[in-house]
Amino acid sequence: TLTKVRLPKTIASIDHYAGYEDCKNPFTGCTSLEAIEVDKENHWMCSVDGVLFNKEKTWLYCYPAGAKRNAYNIPESVESIGGAAFAYNPYLTSLYMPNSVTRMAFSTFSDCKSLNSIRLSENLKYISARAFANCESLHLLDIPASVSEFEESVFSGSSIKTIVIRGSFSKELRKDTF
């Protein structure tokens, strides 16, 4: 039932799984959470329109699962997307990822049931584990030439029908990719 969180200026770091540097989203599974606010005097984090970032806005930590936007454009400053950053959002139907993004962590878009359109960064290096797991509305994905590796279970439980791959892979595709 949690709908809004306000982080004070004294919070210096957050994570979901201790020891996993890529996961900075302790709000995974908070499906009613619509916005995260950060005190303007916080030296380590900030929020823009309810979305949580590091202070420099180079790392997107959390897009709240209850945010009711249909479309979202990740800011041009973002280089990394944290683990499960967009997970469980039922409202998001389309997403634009700028070319500044080079990495995304595990389960980035897992269980985004309405996501049907995503433009991936032309500089993304790999597709993380469970990145699009259970994305029931995603039927087409265009993989940029920059992607050279898929991790495990990328599309498990999804309805993907067509994948356009514009590059080649440095490693063999795993049998559990799909």
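Between the CD atom in Glu37 and the CG atom in Leu7 there is a gap of 9.5 Å [rounded to 0.5 Å]. Rounding to the nearest 0.5 angstrom, the gap separating the NE2 atom in His43 from the CD1 atom in Ile11 is 13.5 Å. Taking SG of Cys112 as the start and CD1 of Ile118 as the end, the distance is 8.5 Å to the nearest 0.5 Å. If you take CE on Met104 and CZ on Phe109, they are separated by 5.5 Å, rounding to the nearest 0.5 Å. Interatomic distance, CG of Asn54 versus SG of Cys46, reported as 7.0 Å (0.5 Å rounding). With rounding to the nearest 0.5 angstrom, the CZ atom of Phe53 is 13.5 Å from the CE atom of Met45.
Heavy-atom minimum distance, Pro144 versus Ser121: CG-O, 3.1 Å. Ser107 and Ala87 get closest at one heavy-atom pair: O-CB, 3.9 Å. Listed here is the closest heavy atom pair of Pro64 and Asn89: O-ND2, 3.0 Å. The shortest non-hydrogen separation linking Pro75 to Pro98 is O-CG, 3.4 Å. Residues Ala12 and Trp44 come closest through the heavy atom pair O-CB, 3.3 Å. A pairwise comparison of heavy atoms in Asp39 and Lys9 identifies CB-N, 3.5 Å as the closest pair.
Ile127 and Tyr96 fall into different hydrophobic clusters, defined by Ile, Leu, Val, Met, Phe, Trp and Tyr side-chain heavy atoms under 4.5 Å apart, directly or through other members.
Within the 3.5 Å criterion, the main-chain N or O of Ser159 finds a donor-acceptor partner in the side chain of His139. Remark: side-chain polar atoms of Thr93 are not paired, donor with acceptor, to backbone N or O of Ser114 under 3.5 angstrom. Side-chain atoms of Asn123 never come within 3.5 Å of backbone atoms of Ser100 as a donor-acceptor pair (strictly under, hydrogens ignored). Side chain of Ser117 to main chain of Ser94: no donor-acceptor pair is present (N/O by atom type, distance under 3.5 Å, no hydrogens or angles). Between the Ser156 side chain and the Ala133 main chain, no donor and acceptor come within less than 3.5 Å of each other. Checking side-chain atoms of Ser137 against main-chain N and O of Lys113 turns up a donor-acceptor pair under 3.5 Å. Distance alone, capped at 3.5 Å, is enough to place a donor-acceptor pair between the Ser77 side chain and the Lys57 backbone. Although no hydrogens or angles enter the test, the distance criterion places a donor-acceptor pair under 3.5 Å between the side chain of Lys55 and the main chain of Asn42. Between the side chain of Ser47 and the main chain of Ile36, a donor-acceptor pair closer than 3.5 Å is present. In this structure, Asn25 contributes its side chain and Ala84 its backbone to a donor-acceptor pair below 3.5 Å.
Using a 4.5 Å heavy-atom threshold, the side chains of Met97 and Thr108 count as separate. Inter-residue side-chain proximity for Val78 and Trp59 is flagged as unmet; no heavy-atom pair is nearer than 4.5 Å. Residues Asp111 and Glu136 are not in side-chain contact: their nearest non-hydrogen atoms beyond the backbone lie 4.5 Å or more apart.
For residues 139-155, the set of pairs meeting the salt bridge (Lys or Arg N to Asp or Glu O under 4.0 Å) definition, not counting sequence neighbours, comprises Asp142-Arg166, Glu149-Lys171, Glu152-Arg174.
Shown are Phe132, Tyr63, Tyr91; of these, the ring pair (Phe, Tyr, Trp, His ring centres under 6.0 Å) with Phe86 is made only by Tyr63.
Heavy-atom neighbours of Tyr88 OH from other residues, nucleotides or ligands within 6.0 Å: at or below the threshold of 12. For Lys4, the NZ atom counts as loosely surrounded, since its 6.0 Å shell holds 12 or fewer non-hydrogen atoms of other residues, nucleotides or ligands.
Partners of Lys161 by side-chain hydrogen bond (donor to acceptor under 3.5 Å, both in side chains), not counting sequence neighbours: none found.
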Could you walk me through whether Thr3 and Leu33 pass side chain to side chain contact (heavy atoms under 4.5 Å, CB included), step by step? CA-CA 4 Å; Thr3 59; Leu33 185 62; 5.9 Å; no
Residues Leu141, Thr162; criterion side chain to side chain contact (heavy atoms under 4.5 Å, CB included); working and verdict: CA-CA 6 Å; Leu141 190 61; Thr162 305; over 6 Å; no
Should Val101 and Glu122 be marked as a side chain to side chain contact (heavy atoms under 4.5 Å, CB included) after you check the CA-CA gap, both sets of side-chain angles, and the distance that decides it? CA-CA 8 Å; Val101 175; Glu122 294 290 334; over 6 Å; no
For side chain to side chain contact (heavy atoms under 4.5 Å, CB included), just list the numbers for Leu92 and Asn70, CA-CA rounded to whole Å, side-chain angles, deciding distance to a tenth of an Å, and then say yes or no. CA-CA 4 Å; Leu92 196 60; Asn70 291 67; over 6 Å; no
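Hydrophobic cluster membership for Val164: Leu140 (Ile, Leu, Val, Met, Phe, Trp, Tyr linked by side-chain heavy atoms under 4.5 Å, directly or transitively).
For the residue pair Arg119 / Asn99, a side-chain donor-acceptor distance below 3.5 Å is found, with atom types taken as modelled.
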